Amino acid sequence: MLAAIIERRRTALISQWVRDPLVLVQVEAPVALPGLVFVDPDGSSAASGKLGRRAFTSCALVRGGSDRDSSWSAWVAADYSSYRAAYLAFIRDAYGINATAADLVGWDVDHLLNRARSPLGSTFIRIEAIPAVANQEWGRLFEKAASNPQFFANQARQRRTMSWMICAKLAGQVPPRGPQDAAGITRLVSYFRGLGLPEAESQQGLSEMLSFACRSGSH
């Protein structure tokens with residue numbers, strides 16, 4: 001049952017990003033979440049509150065409309081370490097399912113934005129379950145870049161949006177080996193084309209992302 005929920009949530013978030021590339025994955029504080037991360041078609045906004053018994057300064061639950069796959073989400077402070085347990089608490093609060101770590105085999109619960117890029121430990125980042133293989137491959141590609149001082153050009157930004165990399169990772173698409181991996185880039189461009197995104201736009205977005213990662217020292 002948890003796997004089906006995860007699949008629906010991934011599909012819903014990717015579809016939301018296709019419609020609106022400014023989908024947020026990081027905000028400055030949980031009080032900023034309502035009205036920023038989700039608005040119902042009828043115009044009503046979301047509300048944020050505590051996640052289980054966890055402090056509101058550590059974790060937040062966003063409650064949206066009746067479609068919980070697309071309008072409810074879990075967020076944690078960048079310096080909060082128990083985000084896997086927080087995700088399971090979110091599943092319990094949002095869906096009424098008492099899932100355990102054993103139900104997450106094959107999945108990584110992770111921040112959608114690398115928390116190394118967060119300017120403060122108090123900024124809030126959205127967490128989701130991501131296919132483990134893809135998550136780890138993208139981590140290897142960008143983890144060095146995220147630690148490189150060159151990567152911090154816009155480090156003061158407390159609000160960040162979803163990217164080509166985040167979408168591909170969430171979808172379970174493994175990364176190209178680098179900007180010279182034409183076959184790998186073509187594979188991802190084909191995936192994004194299948195989502196209805198312009199080929200030239202995805203080609204440019206992926207190429208710039210990979211070039212920056214390599215320039216920052218991840219390869």
Side-chain angles (χ1 to χ4, degrees), residues 1-27 33 35-41 45-46 61-76 83-84 86-87 90-91 94-95 97 99 103-104 106-115 117 124-139 141-142 159-176 184-210 213:
M1 185 177 293
L2 180 59
I5 291 172
I6 292 171
E7 291 287 359
R8 295 199 311 265
R9 292 188 59 79
R10 292 164 61 217
T11 299
L13 182 52
I14 290 169
S15 296
Q16 187 180 3
W17 178 71
V18 169
R19 295 190 304 271
D20 178 10
L22 299 181
V23 171
L24 285 164
V25 294
Q26 177 184 276
V27 298
L33 287 166
L36 285 178
V37 300
F38 172 78
V39 177
D40 250 335
S45 62
L61 167 64
V62 172
R63 296 177 174 86
S66 58
D67 183 357
R68 301 188 179 200
D69 299 333
S70 63
S71 64
W72 290 48
S73 53
W75 300 70
V76 298
Y83 44 90
R84 187 182 180 93
Y87 180 80
F90 164 72
I91 293 296
Y95 296 93
I97 295 172
D103 297 308
L104 285 170
W107 304 94
D108 284 347
V109 173
D110 205 359
H111 307 84
L112 291 184
L113 180 80
N114 190 323
R115 63 177 176 169
R117 299 183 65 191
F124 267 55
I125 306 172
R126 181 168 175 170
I127 56 172
E128 290 289 347
I130 301 169
V133 172
N135 188 52
Q136 291 159 23
E137 287 293 325
W138 282 103
L141 179 65
F142 278 90
R159 292 185 185 179
R160 290 184 181 272
T161 57
M162 202 161 151
S163 66
W164 298 96
M165 181 205 80
I166 293 172
C167 179
K169 181 174 70 172
L170 191 63
Q173 298 287 322
V174 296
I185 294 173
T186 297
R187 171 178 50 79
L188 277 188
V189 168
S190 177
Y191 166 73
F192 286 118
R193 184 171 61 243
L195 296 178
L197 294 168
E199 183 171 333
E201 182 182 344
S202 57
Q203 179 85 39
Q204 179 180 357
L206 289 168
S207 296
E208 290 178 353
M209 175 188 68
L210 292 165

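This is a predicted model, so every value here is computed, not measured. Side chains are part of it too, since the values below use all heavy atoms of this structure and drop only hydrogens, waters and symmetry mates.
With contacts defined as side-chain heavy-atom distances shorter than 4.5 Å, the pair Trp164/Trp17 qualifies. Annotation: side chain of Val189 is in contact with side chain of Leu206 (closest heavy-atom distance under 4.5 Å). Taking 4.5 Å as the limit, every side-chain heavy atom of Trp107 sits out of range of all side-chain heavy atoms of Arg84. With a 4.5 Å cut-off on side-chain heavy atoms, Trp72 and Tyr95 do not count as touching.
Closest of all the heavy-atom pairs between Pro131 and Arg10 is CG-NH2, 3.5 Å. Here the closest heavy-atom approach between residue Leu195 and residue Val18 is recorded as O-CG1, 3.7 Å. The two residues Gly65 and Ser71 make their nearest non-hydrogen contact at N-OG, 2.9 Å. Closest of all the heavy-atom pairs between Val23 and Leu13 is CG1-CD1, 3.9 Å. Nearest heavy atom pair, residue Arg9 against residue Arg68, reads NH1-O, 3.0 Å.
Of the residues Leu104, Ile91, Asp103, the one that meets the side chain to side chain contact (heavy atoms under 4.5 Å, CB included) test with Ile6 is Leu104. In summary, of the residues considered (Ile127, Val62, Leu112, Leu61), a side chain to side chain contact (heavy atoms under 4.5 Å, CB included) with Trp75 occurs for Val62 alone.
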- prompt: Which is it for Glu199 and Gln203 under the side chain to side chain donor-acceptor pair (under 3.5 Å) test, yes or no, and what are the steps along the way?
  reply: CA-CA 6 Å; Glu199 183 171 333; Gln203 179 85 39; over 6 Å; no
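With sequence neighbours excluded, the residues forming a side chain to side chain donor-acceptor pair (under 3.5 Å) with Asn135 are Asp108, Asp110, listed by chain and number.
A side-chain donor-acceptor contact under 3.5 Å links Trp138 to the backbone of Gln173. Formation of a donor-acceptor pair under 3.5 Å by the Ser190 side chain with backbone atoms of Thr186 is not found in this model.
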